[in-house]
Amino acid sequence: MPHALITGITGQDGLYLGELLINKGYEVFGLVRGQSNPKVAMVEKTLPGVQLLEGDLTDLPSLIGAVEIAQPDEVYNLGAISFVGLSWRQAELTGETTGIGVLRMLEAIRIVASDEMGGIRFYQASSSEMFGKVRETPQRETTPFHPRSPYGVAKTFGHYITVNYRESYGAHAVSGILFNHESPRRGVEFVTRKISRGVARIALGAQEKIALGNLEARRDWGFAGDYVDAMWRMLQRDTADDYVVATGETHSVRELLDTAFSHVGIDDWSPYIVQDPRFLRPAEVDVLVGDASKARDLLGWRPAVDFRTLVEMMVDADLTAVRSDLDREDATLRGDAAQRA
Ligand code: NAP
Ligand code: G4F
């Protein structure tokens with residue numbers, strides 16, 4: 001039974017990857033930070049049999065301890081401060097976690113593996129944010145980086161230190177340059193989920209408006225469940241390399257609004273959207289679209305879920321969740337009224 005250690009197991013990708021690896025027969029270990037992380041129960045329910053280990057990407061000894069206990073064949077480094085907007089407000093923490101955290105994870109492997117680094121395969125969750133102010137379209141593995149946020153800068157460090165450990169120490173270290181990927185498990189701070197949840201609440205009468213920033217930004221949005229399969233495929237290759245993972249299509253936030261609102265029968269969404277300067281960024285990534293032909297040719301990877309299906313899946317999941325929240329609130333109100341009567 002191969003062992004895998006996943007940092008960021010409480011996040012969107014950690015959960016999908018954990019499911020994929022358990023289904024493939026792996027023993028899965030997950031790094032969880034904090035002394036009482038509220039997501040532990042949810043992770044244990046979603047990933048039966050997972051073994052959770054204490055650790056933090058800002059604390060090297062805890063990473064060494066996790067690698068010693070897990071004895072992993074594969075390490076997937078998904079942990080990060082991943083919200084670009086937050087990275088300007090907490091730039092130092094972002095650098096420590098999203099950037100230097102990669103170096104600490106690689107060092108933990110090097111120390112435990114006693115310089116035989118190649119024996120533990122390493123996946124780094126790199127990002128299309130590294131392309132930033134894009135130098136060519138579509139973006140591919142050879143496109144130069146021009147990051148536009150502290151997050152993008154930290155990811156660029158993480159990418160290059162991964163390449164450097166491959167070249168310096170013979171680490172089997174892979175960098176997956178993934179474009180935006182979403183799902184019903186996406187955090188509510190990201191634009192896709194903010195919109196799918198807002199649309200569901202508006203359709204059910206629980207909210208009046210959604211406040212958004214730049215509606216013209218364009219992203220290459222895919223489904224997270226498809227993308228974790230690409231991560232696993234990368235680590236199965238005998239040679240460590242870098243791969244772009246993307247759908248090859250780009251859509252604006254406006255198109256996202258069109259698709260989400262039309263799914264609940266609303267054709268004109270303008271009365272429901274307010275533009276709020278708080279959600280504009282100091283420097284924007286205007287357009288991203290990836291060329292995943294290397295992943296297609298060498299990994300046999302292709303996305304299965306298209307943009308419309310993804311958005312509709314997210315709105316449907318939020319309709320179900322919001323309905324059940326509203327039912328619970330109703331039941332509580334009825335219970336309170338019955339007690340008063
Ligand atoms: P996510 O849902 O925000 O999950 C981030 C994870 O990082 C959480 O489990 C979080 O733990 C953990 N984390 C944060 N700080 C940590 C620390 N100091 N030590 C250990 N763990 C820490 O992100 P995601 O969407 O699953 O993305 C996974 C990875 O892929 C991230 O590195 C992200 O930057 C990268 N990426 C994502 C996309 C995308 O579109 N989703 C695209 C390219 C790259 P808590 O739950 O305790 O906060
Ligand atoms: O959903 P977002 O916050 O994702 P962003 O910045 O593209 O970052 C995500 O994808 C990266 C891969 O390219 C990952 F590395 C990163 O970890 C994260 O998963 O914003 C998408 C776009 C931006 O241009 C933003 O300005 O949507 C625009 N936007 C407009 N209004 C908004 C909003 N974004 C958010 N979060 N909230 C808004 O109200």
Side-chain angles (χ1 to χ4, degrees), residues 2-11 13-14 17-18 21 26-40 43 50-83 86-87 90-127 129-130 147 150-176 231 234-235 240 242:
H3 287 200
L5 172 62
I6 302 175
T7 73
I9 194 140
T10 57
D13 291 6
L17 180 65
L21 296 178
Y26 279 69
E27 182 148 3
V28 174
F29 296 80
L31 192 82
V32 175
R33 67 174 171 148
Q35 58 190 48
S36 174
N37 193 311
K39 295 184 188 157
V40 162
V43 175
V50 69
Q51 300 197 44
L52 297 181
L53 305 172
E54 279 178 12
D56 195 301
L57 286 165
T58 60
D59 181 59
L60 176 62
S62 69
L63 301 179
I64 295 171
V67 177
E68 276 172 343
I69 295 169
Q71 292 293 310
D73 301 286
E74 297 172 7
V75 173
Y76 295 86
N77 186 40
L78 311 185
I81 301 293
S82 74
F83 183 38
L86 180 69
S87 77
Q90 298 190 10
E92 185 183 348
L93 182 65
T94 303
E96 277 294 335
T97 310
T98 306
I100 307 291
V102 186
L103 170 64
R104 290 195 192 91
M105 198 63 241
L106 285 161
E107 269 300 287
I109 293 170
R110 192 168 77 89
I111 289 164
V112 176
S114 313
D115 291 338
E116 289 296 324
M117 280 199 80
I120 300 177
R121 296 186 173 197
F122 178 80
Y123 172 85
Q124 168 55 18
S126 291
S127 165
E129 270 289 306
M130 301 188 303
Y151 168 84
V153 172
K155 280 287 176 190
T156 305
F157 173 83
H159 170 80
Y160 279 127
I161 202 68
T162 301
V163 173
N164 181 258
Y165 269 52
R166 186 161 78 211
E167 294 173 356
S168 305
Y169 300 115
H172 192 107
V174 164
S175 173
M231 296 176 189
M234 285 178 215
L235 281 201
D242 309 321

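The figures here come from the full heavy-atom set of this structure, side chains too, leaving out hydrogens, waters and symmetry mates. Treat the numbers as computed from the prediction; the structure is a model and nothing was measured.
Of the inter-residue distances, the one linking Leu63 atom CG with Leu103 atom CG reads 10.5 Å to the nearest 0.5 angstrom. Distance CD/Gln90 to OG1/Thr98: 11.0 Å, rounded to 0.5 Å. Put simply, CE on Met130 and NZ on Lys155 are 8.5 Å apart, with the number rounded to the nearest 0.5 Å. Here CG of Leu17 is found 9.0 Å from OH of Tyr123. Values are rounded to the nearest 0.5 Å.
Between the His3 side chain and the Ala70 main chain, a donor and an acceptor come within less than 3.5 Å of each other. Counting only distance, with no hydrogens or angles, the side chain of Arg33 and the backbone of Gly55 share no donor-acceptor pair below 3.5 Å. Although no hydrogens or angles enter the test, the distance criterion places no donor-acceptor pair under 3.5 Å between the side chain of Thr162 and the main chain of Gln124. Side-chain N or O atoms of Arg104 include one that pairs as donor or acceptor with a backbone N or O of Glu96 at under 3.5 Å.
The number of heavy atoms from other shown groups lying within 6.0 Å of CD (Glu54) does not exceed 12.
Across every non-hydrogen atom of Thr94 and Ser87, the tightest pair is OG1-CA, 3.5 Å.
Counting only N and O atoms by type, the side chains of Thr7 and Asn77 include a donor and acceptor under 3.5 Å apart. A donor and an acceptor atom, one from each side chain of Glu107 and Tyr165, are located under 3.5 Å apart. For the 3.5 Å distance criterion, the side chains of Ser126 and Ser175 qualify, holding a donor opposite an acceptor.
Looking at Ile81 and Tyr151, their side chains never come closer than 4.5 Å, going by heavy atoms from C-beta outward.
Remark: His172 engages no residue in a ring-ring contact (aromatic ring centres under 6.0 Å, His included) (not counting sequence neighbours).
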